[in-house]
**Student:** 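Dropping the structure in here first, questions after.
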Amino acid sequence: MKFATKAIHAGQEPDPTTGAIMTPIYQTSTYVQSAPGKHKGYEYSRTHNPTRAALEANIAALEEGKYGMCFGSGMAAEDTVIKLLKPGDEVISTNDLYGGSFRMFTKIFANYGIKFHFIPMADPKEVAKYINKNTKMIWIETPTNPMLNIIDIKAIATIAKKNKIWVTVDNTFATPYLQNPLKLGADIVVHSVTKYLSGHSDLVMGAVICNDDALSEQLHFIQNSCGAIPSPHDCFLVLRGIKTLHVRMDRHCENAIKVCKYLLTHPKVAKVYFPGIPTHKNFKVVEEQMKAFGGMISFTLKTNTTKEAHKVLSRFKIFSLAESLGGVESLCGHPATMTHASIPKEIREKSGVVDSLIRLSVGIEDADDLIDDLKQALK
């Protein structure tokens, strides 16, 4: 099946009892057994739930993976992946990543003896310099949050395989519609399902996908043991949302290109960050590993102050000032004081997250209305 067909059908069959075309919400904590250990594949809903199983199979199929696991949030998914490691292990991570990931790595897992190196990854050769006998994982975001840097997944996966290191890719911004890291050599893919996969800003969820049998067994063990699972109702909502993922992403991408072109010509805008700009330093990589450019844009103002950024953000009428991204509605945010506030100023500014940086999640409204909103907000 091609992507659009998989989005609608993968992992889902009509309910065998009633013929319902939508996967039912199995709102149950446990399942009756005919004898001890003799059941219909389900014992307890922390371990397995039919609604969650359908979603996990669906997301795995979209990512060209064998195994999918869903969690109560994107951070719970990331937490599970890092729990594959032990004290003394080291992780090489991009220096431009979601502030919540940085916070968890440095404030939680660093306390358990796991060492993290945060470095620019535009040049894969620079990544190789940090590999040593303790390196167990390379953590990639591409496009990155919020600077929209692009990392060559295939090149880094080649380096990692030579050194027997796992490669984990946060594919939240691209989605499986635009990019498939497993096909490019990654071992693990993580998603904040909250964002584009759900697409409607009505739930919080995470996912992990892989192909390796042994790795899947370890991840499933952590999922079941630690229990950070989503509810059946939320799984149902994501299954509904994913059915239009390809349609929504096409519009997100179309609108983002139009918004980007407008921002590039605005006299108050200093820099625009978007993977679709031909002068992007890794534009060739974008063309090779992504189907399109996505719906996220960041830009800075010539008056580079938090005060000026906040002034612009407070004027928006269609773009809503809020955390998160990837919903059908357009959102705007100020990374320095919102999503990336947990990163010290000197560290975030090295990666480009300056005081005037504004991040846009371009929705699927009429593009002309979004541009008019930008005009009046920047006036």
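All residue numbers in this chain count up from 1 along the given sequence.
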**Student:** Side chains of Thr5 and Lys2 only: does a donor on one sit below 3.5 Å from an acceptor on the other?
**Tutor:** no
**Student:** Quick one: list whatever passes side-chain hydrogen bond (donor to acceptor under 3.5 Å, both in side chains) with Glu329, sequence neighbours left out.
**Tutor:** Ser201
**Student:** Membership question, hydrophobic clusters at under 4.5 Å side-chain separation (ILVMFWY): are Val272 and Met290 in the same one?
**Tutor:** yes
**Student:** Cut-off 3.5 Å, side chains only: do His310 and Ser314 have a donor facing an acceptor?
**Tutor:**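 Not at all, the side chains of His310 and Ser314 share no donor-acceptor pair under 3.5 Å.
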**Student:** Is it true that Thr339 and Glu323 share a donor-acceptor pair across their side chains at a distance under 3.5 Å?
**Tutor:**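 Absent: no donor and acceptor within the cut-off.
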**Student:** Quick test of your reading of the model: are Lys311 and Glu308 salt-bridged, counting only N-O distances below 4.0 Å?
**Tutor:** yes
**Student:** Side-chain donor-acceptor pair under 3.5 Å between Asn255 and Glu365, yes or no?
**Tutor:**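 Side-chain D/A pair, Asn255 to Glu365: absent.
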**Student:** Between Asp202 and Arg240, is the closest basic N to carboxylate O distance under 4.0 Å?
**Tutor:**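 So Arg240 pairs with Asp202 through a salt bridge.
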**Student:** So, do Tyr273 and His280 have ring centers that fall under 6.0 Å from each other?
**Tutor:** no
**Student:** Other than Val127, which residues form its hydrophobic cluster under the rule that side-chain heavy atoms must be closer than 4.5 Å?
**Tutor:** Ile92, Ile119, Met121, Tyr130, Ile131, Ile138, Ile140, Ile151, Ile153, Ile156, Ile159, Ile165, Val167, Val169, Leu184
**Student:** Under 3.5 Å, is there a donor-acceptor pair between the Gln289 and Lys183 side chains?
**Tutor:** no
**Student:** For a side chain to side chain donor-acceptor pair (under 3.5 Å) check, start with the C-alpha distance between Lys83 and Gln223, then their side-chain angles and the critical distance, and finish with the verdict.
**Tutor:** CA-CA 10 Å; Lys83 282 174 179 170; Gln223 180 194 41; over 6 Å; no
**Student:** Are the aromatic ring centres of Trp139 and Phe116 under 6.0 angstrom apart?
**Tutor:**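 Aromatic pair excluded; centres sit 6.0 Å or further apart.
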**Student:** Using links of under 4.5 Å between side-chain heavy atoms of ILVMFWY residues, direct or through other members, which residues join Tyr31 in one cluster?
**Tutor:**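 Besides Tyr31, the hydrophobic cluster comprises Tyr42, listed by chain and residue number.
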**Student:** Going by distance alone, is a donor N or O of one side chain under 3.5 Å from an acceptor N or O of the other, for Glu43 and His48?
**Tutor:** no
**Student:** In this structure, which one of Asp213, Leu219, Ile209 forms a side chain to side chain contact (heavy atoms under 4.5 Å, CB included) with Tyr67?
**Tutor:** Asp213
**Student:** Using distance alone, with no hydrogens and no angle criterion, decide if Asn304 and Ser356 have a side-chain donor and acceptor under 3.5 Å apart.
**Tutor:**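 Result is yes, a qualifying pair exists.
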**Student:** Using 30° and 60° as the class limits, which term best fits the ring planes of Tyr177 and Phe3: parallel, tilted or perpendicular?
**Tutor:**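 Ring orientation, 0 to 90° scale: tilted.
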**Student:** Side-chain heavy atoms nearer than 4.5 Å, only ILVMFWY residues, links allowed to pass through others: does that put Val238 and Met249 together?
**Tutor:**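 As far as the 4.5 Å side-chain criterion goes, Met249 and Val238 are connected within one cluster.
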**Student:** For the pair Glu254 and Lys258, find out whether any cationic side-chain nitrogen is under 4.0 Å from an anionic carboxylate oxygen.
**Tutor:** no
**Student:** Can you confirm whether the side chains of Asp170 and Thr172 place a donor and an acceptor under 3.5 Å from each other?
**Tutor:** yes
**Student:** Between Thr337 and Asp355, does a side-chain contact (heavy atoms from CB on, under 4.5 Å) hold up when you go through it step by step?
**Tutor:** CA-CA 8 Å; Thr337 57; Asp355 288 343; over 6 Å; no
**Student:** Under 6.0 Å from the NZ atom of Lys302, do we count more than 12 heavy atoms belonging to anything else shown?
**Tutor:**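 Enclosed: over 12 neighbouring heavy atoms sit under 6.0 Å from NZ of Lys302.
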